[in-house]
Amino acid sequence: MAVKPSKADKKIAYDAKLCQLLDEYTQILIAAADNVGSKQLQNIRKGLRGDSIVLMGKNTMMKRSVRMHAEKTGNQAFLNLIPLLQGNVGLIFTKGDLKEVSEEVAKYKVGAPARVGLVAPIDVVVPPGNTGLDPSQTSFFQVLNIPTKINKGTVEIITPVELIKKGEKVGSSEAALLAKLGIRPFSYGLVVLSVYDNGSVFSPEVLDLTEDDLIEKFATGVSMVTALSLAISYPTLAAAPHMFINGYKNILAVAVATEYSFPQADKVKEYLADPSKFAVAAAPVAAAGGGAAPAAAPAEEEKKPEPEEESDDDMGFSLFD
């Protein structure tokens, strides 16, 4: 007969497993597991099998194991996990792409009925339409101030009604009505709260950023640095081209206004003295940029007026003369 392990043995085995996972994996997703059933969690483990492992446990045990492992290995980066172990959370150790793993976890959400006393995570709206309930069930709707009418022997909701607001507790009447209508308004699953990657902790929204988003944010940052550098006249790599151009403009303005000159200013002065030269120089550039001019539409052949028939009056006499 197999000997049942004691609580102490279970704690030792759990501590060894967590420490082993911390050594093998550098990427961890911290996920909330509120209202997640054992069957649902089993399906998630199957879906992530291969490059990811889901580990659940008591927060006190996980904090203790992480703290002791950090002291043992000297890797203080593990301590960044301790503040994240709050509430009903689990750890998803992975070697795969963090975004793909997060999306895979989000697939395993299941619908759930509205239970009495449960805090609504979303707004619950009952849509209009035929409910299929007989007229004797109108008392539920009257208690909740839902406008109804009897249509073909069944109760019909006239307008959409916001039954429960986000953050409110589900009452007994609301739960009974939703159960009668067969509405399962809530869906639950593992929700990624934070991401741990080689000692760095960041929000899961970072995983949704694309290369275009990063380029846009980088360009915005460069623009801000350039504007600040130009405003305080502090040279930076981003502002250097603009500073050179502004300096050239200032020198050119001085040369145009005075007798001082240099080769680039001579050309500008020549254009100012005779603007027609600038028009001649700009014409090839405009032609190259605009392309060849569209061919003119063939002119319609002018219609020659048809000769008018000569009347008797035009001949100078009349037949009746």
Side-chain angles (χ1 to χ4, degrees), residues 29-50 52 54-59 86-92 94 98-195 203-205 207-208:
L29 299 177
I30 296 85
D34 294 332
N35 302 298
V36 178
S38 57
K39 178 65 176 177
Q40 185 179 357
L41 191 59
Q42 182 181 0
N43 292 334
I44 294 173
R45 283 194 168 103
K46 288 182 179 178
L48 298 177
R49 188 171 295 168
S52 302
V54 180
L55 181 67
M56 307 297 295
K58 294 183 178 180
N59 292 344
Q86 302 290 336
N88 186 17
V89 297
L91 303 178
I92 303 176
T94 181
L98 289 171
K99 180 178 173 62
E100 294 179 358
V101 174
S102 179
E103 292 175 349
E104 183 68 23
V105 170
K107 292 179 182 178
Y108 294 90
K109 286 188 176 182
V110 297
R115 299 187 180 91
V116 179
L118 191 67
V119 178
I122 58 172
D123 295 333
V124 179
V125 178
V126 178
N130 197 315
T131 63
L133 301 176
D134 59 87
S136 63
Q137 305 290 331
T138 54
S139 58
F140 284 103
F141 301 95
Q142 292 173 356
V143 170
L144 299 171
N145 297 322
I146 298 177
T148 59
K149 67 177 181 179
I150 306 301
N151 184 16
K152 296 181 180 180
T154 58
V155 179
E156 181 177 333
I157 299 175
I158 301 174
T159 58
V161 179
E162 188 176 18
L163 189 63
I164 308 171
K165 292 184 178 180
K166 181 180 179 180
E168 293 182 350
K169 287 188 176 181
V170 180
S172 57
S173 299
E174 291 87 347
L177 177 60
L178 292 172
K180 284 181 177 295
L181 297 177
I183 298 175
R184 300 166 68 89
F186 307 140
S187 61
Y188 297 107
L190 291 183
V191 180
V192 178
L193 301 177
S194 302
V195 181
S203 172
E205 283 78 11
L207 301 178
D208 297 329

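Please read these numbers as outputs of a predicted model, since none were measured by experiment.
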Does [X] reach the side chain of [Y], with side-chain heavy atoms less than 4.5 Å apart?
| X | Y | value |
| --- | --- | --- |
| Lys169 | Val119 | yes |
| Ile92 | Ser102 | no |
| Ile150 | Val155 | yes |
| Asn35 | Phe186 | no |
| Ile157 | Phe141 | yes |
| Leu29 | Val195 | yes |
| Asn88 | Val36 | no |

Using atom types as modelled and distance alone, determine if a side-chain donor or acceptor of Gln40 lies under 3.5 Å from a backbone N or O of Tyr188.
yes
Apply side-chain contact (heavy atoms from CB on, under 4.5 Å) to Ile146 and Leu163, showing your working.
CA-CA 9 Å; Ile146 298 177; Leu163 189 63; 4.2 Å; yes
Only counting residues at least two apart or in another chain, list the ones meeting side-chain contact (heavy atoms from CB on, under 4.5 Å) with Val125.
Pro160, Glu162
side-chain contact (heavy atoms from CB on, under 4.5 Å) partners of Lys46, counting only residues at least two apart
Gln42, Arg49
Do you know which two heavy atoms are closest between [X] and [Y], and how far apart they sit?
| X | Y | answer |
| --- | --- | --- |
| Met56 | Ala33 | CE-CB, 3.6 Å |
| Pro147 | Val161 | CD-CG2, 4.0 Å |
| Asn59 | Gly87 | ND2-O, 2.7 Å |
| Glu104 | Gly47 | OE2-O, 4.0 Å |
| Pro185 | Ile122 | O-CD1, 3.4 Å |
| Val116 | Ala175 | CG2-CB, 3.8 Å |

Hey, could you give me the [atom1]/[atom2] distance between [X] and [Y], rounded to the nearest 0.5 Å?
| X | Y | atom1 | atom2 | result |
| --- | --- | --- | --- | --- |
| Ile30 | Gln86 | CD1 | CD | 12.0 Å |
| Leu177 | Leu133 | CG | CG | 8.0 Å |
| Ile44 | Ser52 | CD1 | OG | 12.0 Å |
| Thr154 | Lys149 | OG1 | NZ | 10.5 Å |
| Leu48 | Asn43 | CG | CG | 11.0 Å |
| Ile158 | Glu156 | CD1 | CD | 7.5 Å |

Go through it in stages, so that I can follow the logic: the residues are Ile164 and Leu178, the test is side-chain contact (heavy atoms from CB on, under 4.5 Å), and I'd like the CA-CA distance, side-chain angles, deciding distance and then a yes or no.
CA-CA 11 Å; Ile164 308 171; Leu178 292 172; 4.1 Å; yes
Are Glu103 and Lys107 close enough, and set up right, to give a salt bridge (Lys or Arg N to Asp or Glu O under 4.0 Å), and what steps lead you there?
CA-CA 7 Å; Glu103 292 175 349; Lys107 292 179 182 178; over 6 Å; no
Within 6.0 angstrom of Lys58 NZ, more than 12 heavy atoms from elsewhere
no
Please assess Asp123 against Lys165 for the test side-chain contact (heavy atoms from CB on, under 4.5 Å), listing each intermediate value before the final yes or no.
CA-CA 4 Å; Asp123 295 333; Lys165 292 184 178 180; 4.0 Å; yes
